[in-house]
Protein chains: 2
Amino acid sequence: MSLPHAILTALLEKPSSGLELTRRFDKSIGYFWSATHQQIYRELGKLEAEGHIRTLPAEQPARGQKKSYEVLPAGRAELARWTAASQDPKPQRDVLLLRLRAAAVVGTAGLESDLRRHLELHQRQLAEYEEIERRDFPPDRTGPQDRLRHLVLRAGIDLETFWTQWLTEALKEFTALPAEAPEPTGDPSG
Amino acid sequence: MSLPHAILTALLEKPSSGLELTRRFDKSIGYFWSATHQQIYRELGKLEAEGHIRTLPAEQPARGQKKSYEVLPAGRAELARWTAASQDPKPQRDVLLLRLRAAAVVGTAGLESDLRRHLELHQRQLAEYEEIERRDFPPDRTGPQDRLRHLVLRAGIDLETFWTQWLTEALKEFTALPAEAPEPTGDPSG
DNA sequence: ACCCATTGTGCAACTAGTTGCATAAACGCA
DNA sequence: TGCGTTTATGCAACTAGTTGCACAATGGGT
């Protein structure tokens, strides 16, 4: 139940149309809560039906016509309620770690190149975050809102840093490993 | 499409019944791929229908009767295929970061106590991982399989370490913040 | 002999997210 | 003036994961 709240946050920062929201999700909020335009349109419909947002009155809203939304007081209240409500952390799900664990049983063949690819992706993401930090968070501007947003960005930076380091370490292990991990095909005598 | 492969991995490590799998997911594989017993039973049924696993012949399998599974060659082949296949990283989804971002807009009221709770949970998880490391990965035993599994555990440890540090930092910011973040309820003049 | 907690298996309905496609206006241009 | 591309909105079907509950056997106590 987080996507509607992600949308409310984005709309409070700036009223937008569905497509504008999609773009902003791609380069800001989407870094920690991604969504496709289909999801976003669907949620905008629900949020409007619930009275949390409304369309900004403009030209008649025909198909293919830009339609901007703004948050209503009820929507702001709902977002505040949700933000303050206690929530348990979601159980982890990481495919790459699972694959490594599987590789310990069926062998590491084919895995290394994908690790390399992931390493590059994380390095690129890290560079992007650091660019944003340089651009949007100079040492001056330190209002409360800036500090909170900077904190979120720091989480992104530190996570990407962790993954690049871990993947580098993992690749080092791989080259140190025998050509192929033993595949105990039914005989666990070793 | 990862749960069946998580189950295949677990079954290759040791043939088990549904409930045994559930328990092992709770304390090992589940650290990075969690699953409920309902999911596991459902997948076991599918995997059996596909010819990837079979029941170990034992007493007649009636309801409430323990039923153990083992992996067939086709299942092992499928797992090896999946492990080697390139996969894109899933887009991130982190509710806590989203809530912090929302708090920058609607205020931080009520958030701090939940941050504290999360910090405690992560500290506890970290302690558990470190206990496992002490127990299962002494400096000797360094076969290829051990090294891979240790690598996975290190990822868990480092991630939990990151979260405890980040949450500590976040809480520090909170106490430095004004009692309540400004709520620009429609008037962004400040 | 009976009760009840525990162990073990499983179905059904629901929620959230993804994929694929459809539709329509606007814009550039030949 | 017609044609293809981009912008913008949206539906429908599918997949994966969660929640809630049901049912059977077993084992221990009374």
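Throughout, protein chains are lettered first and strands after them, A, B, ... in sequence-line order, and every chain is numbered starting at 1.
- F137(A) and L126(A) fall within a single hydrophobic cluster, where Ile, Leu, Val, Met, Phe, Trp and Tyr are joined by side-chain heavy atoms under 4.5 Å apart, directly or via other members.
- Between K67(A) and dG10(D), a side-chain N or O to OP1/OP2 separation shorter than 4.0 Å is present.
- Minimum interatomic distance between L11(A) and Y69(A) (heavy atoms only, all atoms of both residues): CD2-O, 3.7 Å.
- No side-chain N or O of R23(B) forms a donor-acceptor pair with one of S16(B) less than 3.5 Å apart.
- When only modelled atom types and interatomic distance are considered, S28(A) and R101(B) share a side-chain donor-acceptor pair under 3.5 Å.
- When hydrophobic clusters are built by joining Ile, Leu, Val, Met, Phe, Trp and Tyr residues whose side-chain heavy atoms come closer than 4.5 Å, directly or via intermediates, W166(A) is not grouped with L121(A).
- Side-chain nitrogen and oxygen atoms of R93(B) include at least one within less than 4.0 Å of the OP1 or OP2 phosphate oxygen of dT18(C).
- Nearest approach of A74(B) to G51(B), heavy atoms of both residues: CB-O, 3.7 Å.
- Whole-Å rounding puts the L56(B) CG to dG8(C) P distance at 16 Å.
- The pair R24(B)-E13(B) meets the salt-bridge criterion, since a charged nitrogen lies less than 4.0 angstrom from a carboxylate oxygen.
- Counted by atom type alone, H118(A) and Q87(B) present zero donor-acceptor pairs between their side chains at under 3.5 Å.
- In this entry the distance linking CZ of F25(A) with C1' of dT9(D) reads 17 Å, nearest Å.
- Taken residue by residue, residues 13-23 of chain B places heavy atoms nearer than 4.0 Å to DNA chain C at S17(B), G18(B), L19(B), R23(B).
- The distance between atom CE of M1(A) and atom P of dT18(D), rounded to the nearest whole Å, is 16 Å.
- Spacing between atom NE2 of H5(A) and atom P of dG17(C) amounts to 12 Å, rounded to whole angstrom units.
- Taking a 4.0 Å limit (strictly below) on heavy-atom distances, residues 28-50 of chain B reaches DNA chain D at W33(B), T36(B), Q38(B), Q39(B), R42(B).
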